[in-house]
Amino acid sequence: MCGIVGYIGPRDTQEVLLDGLEKLEYRGYDSAGIAILADHHISVEKHRGELANLRNALAKHPLKGHIGIGHTRWATHGQPSDQNAHPHLGPEGKIAVVHNGIIENYQYLKDTYLQGHTFKSQTDTEVVAHLIEMFYDGDLFAAVQRTLAVVTGSYALVVMCVDDPDELIVTRKNSPLVIGLGEGENFIASDVPAMLAYTRRCIYLESGELARVYRDKVVVTDLAGNVQKNIVDEIEWDAQSAEKGGYPHFMIKEIYEQIATFQQVLSGRIHADHVELENIDLSKEEVERWDKIYIVACGTAYHAGLVGKTILEKTLRIPVFVEVASEFRYRDPMIDENTLVIVISQSGETADTLEGAREAKAAGAKVLAITNVVGSSIARESDMVVYLWAGPEISVASTKAYTSMLIALYLIGFYFGDLAGRVDLRKEQETLRALEKLPEQAAEILEQDRIQQIVDIAKEYVDVEDLFYIGRGMDWAVVQEGALKLKEISYIHAEAYAAGELKHGTLALISNKTPVISVALQEKTFDKTMSNTEEMLSRMMDENGDISGARVLVVVKEGHKPISDKIHHVIEIPDCPDFISPVLAAIPLQLIAYFTALERGCNIDKPRNLAKSVTVE
Ligand code: AGP
């Protein structure tokens with residue numbers, strides 16, 4: 001996620017900005033830059049790569065001044081490069097802007113308001129700088145207001161103007177922004193670690209608000225310019241917990257971020273009755289020619305692929321095969337120009353998946369990448385890319401990237417299904433509307449009373465050695481990810497089974513020492529999964545029909561009560577079409593893994609023996 005800083009005051013602005021950007025490095029970035037205003041001129045220095053590149057350049061040509069803005073970029077539109085790095089300037093260099101978020105209608109804005117403009121970057125942000133400069137007629141605040149009236153998307157913006165050296169204008173919608181209050185100086189940042197060295201007093205700008213930031217005052221307004229009351233908070237976090245937004249671990253922070261990442265991956269891609277995907281340019285004939293799809297990925301991304309199989313078979317009506325990347329390339333798979341190969345990778349650098357993509361291309365297949373990292377090797381080497389826009393994932397255990405992969409797969413399924421004319425349009429409408437509801441439903445699952453239920457359940461798993469997950473169809477795919485999550489961070493042995501398959505052998509392992517988590521979210525298999533859950537319950541009972549020890553937990557949709565009263569715990573997820581339930585079901589399973597690992601005192605963000613990005617085969 002991009003990091004923003006701003007400063008106005010008597011200190012060495014360059015140092016304050018660089019220091020702030022350094023404190024935001026944990027958010028992940030691919031380039032960094034600053035702009036400082038002095039003597040009616042805005043000077044910009046920006047570089048791809050490490051902050052050190054920017055520091056080295058500035059050491060040779062320091063920028064002096066008492067007002068400035070800075071940015072660490074995590075690419076969404078346009079590759080990581082010097083040109084695409086922020087700040088961005090208006091056409092005459094009068095306006096400088098840094099931005100975190102996504103301007104959804106940037107192409108429309110270019111076509112409608114900015115015809116004839118030349119852009120130096122491929123970013124959505126530069127459009128905002130051009131718009132503000134075009135609307136500017138001596139009143140910066142009014143120019144920002146006019147710009148916001150035509151922009152759609154999410155943003156945190158800081159704007160600086162050559163004609164207005166005593167003021168920074170900031171605004172935000174669905175992207176974070178904090179204003180730090182000093183004595184005769186003020187600070188702006190996406191996150192508090194950037195300002196902790198200078199102040200602990202701050203204003204958290206509300207979504208839809210603007211603020212005029214001067215040296216000695218801050219004026220907060222609504223979009224119409226009506227002045228709002230300044231609510232000043234005291235930051236109590238230490239530097240380390242501030243990086244995690246006050247959460248004890250990145251993993252739980254990232255689980256909560258799903259409320260926003262669900263929104264981000266959908267952002268600008270659903271249009272009333274259809275899906276639009278950037279970076280994909282295929283004809284109906286090309287899509288119709290595909291006779292099969294391979295999904296190639298590792299670990300959590302592979303589990304997303306398992307859900308993807310059902311999605312794509314339903315929307316495209318052709319067979320989909322899901323393959324572990326390390327196996328795929330040595331299997332001599334049947335691929336040719338009539339095959340679509342989808343590679344899924346959060347990092348875009350996983351060696352096995354990258355080699356799978358290369359193998360597929362060499363065999364003549366079209367390769368579509370689903371990844372979170374713009375400019376990653378997998379993104380560069382594939383024919384088409386759908387980005388997750390989930391922001392950097394820091395915890396080794398993947399959470400928000402997984403659910404964004406699932407949502408991306410729905411979007412891809414409907415996009416290609418529509419192109420080929422194979423989609424049931426009524427079903428598509430229903431699903432698209434349901435996808436749009438996911439962010440608010442994620443927020444419901446993450447409400448405190450629901451969390452407390454999971455915290456209590458997790459306490460029961462502290463001394464468990466083996467745990468079984470069961471489900472059918474899409475639920476089976478979901479429990480495979482649930483089990484992996486528990487294994488990798490709590491070190492409990494967990495197995496995920498197709499519920500109907502247990503009786504063919506594995507049921508022999510079930511006793512009152514093996515808790516069971518059963519996921520039953522598919523209407524058509526609900527009763528069957530419940531019967532399989534009962535089969536397990538009866539293997540856990542003593543001769544009096546009592547169960548001591550292991551517990552059984554079922555995950556169902558609101559209102560779908562399990563039949564047996566022997567079941568110990570029921571976790572409900574909000575009502576949604578069965579088809580998209582995997583996205584919501586993932587969250588309680590992530591939470592179970594997290595709180596179990598927490599109870600067991602494990603190193604949650606950096607589990608033993610594991611690395612975030614696996615670049616060896
Ligand atoms: C997820 O929790 C794991 N750490 C791991 O399985 C991961 O998903 C896998 O290594 C693939 O990574 P990628 O998505 O970056 O390719």
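When a ligand or atom number is given, it counts from 1 through the structure's own listing order. Keep in mind that what you see is a predicted model, and the values were worked out from it rather than measured.
For ligand 1, the atoms lying closer than 4.0 Å to a non-hydrogen atom of Ser398 are 1 (C), 2 (O). In summary, the atoms of ligand 1 found under 4.0 Å from a heavy atom of Ala397, numbered by their order in the structure, are 2 (O).
Heavy-atom distances between Lys485 and ligand 1 reach below 4.0 Å in at least one pair.
Looking from atom 4 (N) of ligand 1 to the surrounding protein, the closest heavy atom is Val396 O, 2.9 Å. Protein heavy atom at the shortest distance from atom 5 (C) of ligand 1 is Thr300 N, 4.1 Å. Among protein heavy atoms, the minimum distance from atom 14 (O) of ligand 1 is reached at Gln346 N, 2.6 Å. Among protein heavy atoms, the minimum distance from atom 10 (O) of ligand 1 is reached at Val614 CG2, 4.0 Å. Scanning the protein heavy atoms around atom 15 (O) of ligand 1, the nearest turns out to be Ser347 OG, 2.7 Å. Looking only at heavy atoms of the protein, atom 3 (C) of ligand 1 is closest to Glu488 OE1, 3.5 Å.
Contacts between Glu349 and ligand 1, counted as non-hydrogen atom pairs separated by less than 4.0 Å, are absent for every part of the residue.
Considering Gly299, Cys298, Ala325 only, the shortest heavy-atom separation from atom 11 (C) of ligand 1 involves Cys298. Between the choices Asn372, Thr350, Leu388, the shortest heavy-atom distance to atom 12 (O) of ligand 1 belongs to Thr350.
Taking all atoms of both residues into account, the shortest heavy-atom contact from Val385 to Leu368 is N-CD1, 4.0 Å.
Backbone and side-chain nitrogen or oxygen atoms of Thr353 are examined, and none is located within less than 3.5 angstrom of a nitrogen or oxygen of ligand 1.
For the residue pair Asp418 / His274, no side-chain donor-acceptor distance below 3.5 Å is found, with atom types taken as modelled.
A 6.0 Å sphere centred on NZ of Lys309 holds more than 12 heavy atoms belonging to other residues, nucleotides or ligands. With a 6.0 Å radius and a threshold of 12 heavy atoms from other residues, nucleotides or ligands, Lys557 has its NZ atom above the threshold. Within 6.0 Å of the CZ atom in Phe468, the count of heavy atoms belonging to other residues, nucleotides or ligands exceeds 12. With a 6.0 Å radius and a threshold of 12 heavy atoms from other residues, nucleotides or ligands, Trp476 has its CH2 atom at or below the threshold.
Qualifying side chain to side chain contact (heavy atoms under 4.5 Å, CB included) partners for Ala297, counting only residues two or more places apart in sequence or in other chains: Ala301, Tyr302, Ile344. In this structure Glu393 satisfies the salt bridge (Lys or Arg N to Asp or Glu O under 4.0 Å) test together with Lys612, sequence neighbours excluded.
By the 4.0 Å N-to-carboxylate-O rule, Lys400 lies close enough to Glu257 to be salt-bridged with it.
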